[in-house]
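Numbering of ligands and ligand atoms starts at 1, following listing order.
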Amino acid sequence: MVCLGNICRSPMAEGIMRDLLNGSAHEVDSAGTSSYHEGERPDDRMLRTAKKYGVSMNGIRSRGLKVEDFDRFDRIYVMDQSNLKNVLLIARNDEDRAKVELLLNASHPGQDREVPDPYYGGEKGFDQVYLMILEACQKIKDRL
Ligand code: 4NP
């Protein structure tokens, strides 16, 4: 799960997906296309949202996406077009590129919808982002 800062959207996606896949052999992680917040816990507003909906964000710390992530993961879900562009910039070949997809295409195939960046908005934006991510993650789980 990849966003820009790895403190808002992608940690929420990681927490939700981890909960949904709990007990399975699938590995879930998140990263940012930037390393601005390297080592930081998720944003307090996202932590509050997670707590409200019972999503665990234990142990999640921000980190930058690395090229090795293409070897470690089968699927790389990005939140918006800017993330998509930046992830594709470090992809090495067609195999890497084929792993990358907009997260909301899982719930809204072919529509190229984006999970909006809630960082500069109000608290309500965090609830909306939670609901969008949850819907997409449930579809991903159903298809596994
Ligand atoms: P995220 O949100 O990409 O969902 O983690 C952001 C967090 C931090 C910044 C931008 C977006 N920032 O500019 O610091």
Is the side chain of [X] donor-acceptor paired with the backbone N or O of [Y] at a distance under 3.5 Å, no angle test?
X     : Y     : result
Arg45 : Cys8  : no
Arg41 : Ile60 : yes
Ser62 : Gly5  : yes
Asp69 : Lys66 : yes

Residues lining ligand 1 [heavy-atom distance under 4.0 Å, listed by chain and residue number]: Cys3, Leu4, Gly5, Asn6, Ile7, Cys8, Arg9, His37, Asp117, Tyr119, Tyr120
Side-chain H-bond candidate by donor/acceptor type, Asn83 with Asn86, under 3.5 Å: no
Partners meeting side-chain hydrogen bond (donor to acceptor under 3.5 Å, both in side chains) with Lys52 (sequence neighbours left out): Asp127
